[in-house]
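Working notes for the structure below.
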Amino acid sequence: MFKRFLKKHIPESLALAATFAAAVTLTFAWILNLLVTRVDVFYEWFVFSERFGVVSGLYFSASIIYLVSLFLMLCWYRNKDCSHQRENVFWFFLSALFVFFVMTLPGIFSFEIFVQNM
């Protein structure tokens with residue numbers, strides 16, 4: 001019964017679309033995380049559940065961003081030869097992963113500049 005769902009390989013267009021969507025989601029995730037901690041209006045928008053706090057809104061928005069970007073990329077790659085974009089999508093994913101990791105480190109994330117009047 002489940003044999004039709006198990007394939008020997010994943011179509012390249014689906015794999016590239018999923019990788020690209022993950023990179024876009026990581027990029028939006030660190031930007032939203034920065035906005036939520038710095039702007040009170042965003043903090044109030046992203047509290048969907050009082051029990052979980054702002055994390056509930058961030059996870060929900062990341063899920064929506066992933067699904068929308070996956071759908072858009074699947075429509076874009078449909079019936080196209082996308083083998084020439086493999087390396088570019090891979091490097092975009094790695095750079096998004098690196099930037100996400102760096103921008104969510106506590107030392108860098110809490111960095112602030114104070115201006116003193118003389």
Side-chain angles (χ1 to χ4, degrees):
M1 177 177 174
F2 293 106
K3 194 169 189 174
R4 65 180 165 161
F5 294 112
L6 302 174
K7 296 182 179 181
K8 298 216 184 259
H9 71 284
I10 297 172
E12 187 175 32
S13 59
L14 176 63
L16 284 177
T19 306
F20 189 84
V24 168
T25 304
L26 285 172
T27 304
F28 274 99
W30 76 260
I31 293 170
L32 288 176
N33 191 21
L34 185 67
L35 287 173
V36 161
T37 57
R38 302 290 176 145
V39 181
D40 293 333
V41 174
F42 280 102
Y43 184 85
E44 293 170 5
W45 281 357
F46 281 88
V47 177
F48 293 157
S49 170
E50 292 295 328
R51 181 177 177 193
F52 296 111
V54 75
V55 174
S56 62
L58 288 174
Y59 281 154
F60 180 74
S61 63
S63 301
I64 296 299
I65 290 169
Y66 179 78
L67 292 174
V68 167
S69 59
L70 178 65
F71 176 74
L72 291 175
M73 291 312 295
L74 281 174
C75 290
W76 178 260
Y77 285 142
R78 185 176 182 159
N79 297 328
K80 290 184 182 178
D81 178 29
C82 49
S83 60
H84 61 282
Q85 294 183 355
R86 262 187 259 163
E87 189 173 345
N88 295 334
V89 171
F90 175 71
W91 284 110
F92 176 56
F93 175 72
L94 284 183
S95 62
L97 188 65
F98 177 74
V99 171
F100 176 80
F101 176 72
V102 168
M103 291 304 293
T104 55
L105 286 174
I108 294 174
F109 186 72
S110 63
F111 181 74
E112 292 185 24
I113 297 175
F114 296 104
V115 178
Q116 294 179 348
N117 295 331
M118 291 186 171

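Numbering starts at 1 and runs along the sequence shown.
For E12, the side chain to side chain donor-acceptor pair (under 3.5 Å) test picks out R86, with sequence neighbours left out. Listed by chain and residue number, L105 satisfy the side chain to side chain contact (heavy atoms under 4.5 Å, CB included) test with F101 (two or more places apart in sequence, or in another chain). Residues satisfying the ring-ring contact (aromatic ring centres under 6.0 Å, His included) criterion with F46, sequence neighbours excluded, are absent altogether. F92 pairs by the side chain to side chain contact (heavy atoms under 4.5 Å, CB included) definition with F20, A23, V24, S95, not counting sequence neighbours. With sequence neighbours excluded, the residues satisfying side chain to side chain contact (heavy atoms under 4.5 Å, CB included) with L70 are A17, A18, A21, Y66, L74. Partners of D40 under the side chain to side chain donor-acceptor pair (under 3.5 Å) rule, at least two apart in sequence or in another chain, do not exist in this structure. Every ring-ring contact (aromatic ring centres under 6.0 Å, His included) that F48 has, sequence neighbours left out, goes to F60. Evaluation of the side chain to side chain contact (heavy atoms under 4.5 Å, CB included) rule for F52 yields S49, S56 as partners, not counting sequence neighbours. For F42, the ring-ring contact (aromatic ring centres under 6.0 Å, His included) test picks out W45, with sequence neighbours left out.
Each of L72 and V89 belongs to its own hydrophobic cluster when Ile, Leu, Val, Met, Phe, Trp and Tyr are linked at side-chain heavy-atom distances under 4.5 angstrom. Tracing side-chain contacts under 4.5 Å through hydrophobic residues (I, L, V, M, F, W, Y), one reaches I31 starting from F93; they form part of the same cluster. V68 and Y77 are assigned to two separate hydrophobic clusters, defined by single-linkage of ILVMFWY side chains at heavy-atom distances under 4.5 Å. L35 and V47 end up in the same hydrophobic cluster when Ile, Leu, Val, Met, Phe, Trp and Tyr side chains are linked at under 4.5 Å. In this structure, F28 is not a member of the same hydrophobic cluster as F71, with clusters built from ILVMFWY side-chain heavy atoms closer than 4.5 Å.
A 4.5 Å side-chain heavy-atom check between L58 and N33 finds at least one atom pair inside the cut-off. Counting only heavy atoms from C-beta outward, the side chains of I65 and L32 approach each other to under 4.5 Å. V102 places a side-chain heavy atom less than 4.5 Å from the side chain of F98.
A salt bridge (charged side-chain N to carboxylate O under 4.0 Å, His left out) check over residues 42-69, counting only residues at least two apart or in different chains, returns nothing. Within the structure, salt bridge (charged side-chain N to carboxylate O under 4.0 Å, His left out) pairs that include any residue of residues 63-82 do not occur (at least two apart or interchain).
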- Kindly indicate, with the supporting measurements, whether the criterion side chain to side chain contact (heavy atoms under 4.5 Å, CB included) is fulfilled by V99 and W30. CA-CA 8 Å; V99 171; W30 76 260; 3.5 Å; yes
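Between the CE atom of M103 and the CG atom of L26 there is a distance of 13.5 Å, given to the nearest 0.5 Å.
The shortest non-hydrogen separation linking F100 to T104 is O-OG1, 2.7 Å.
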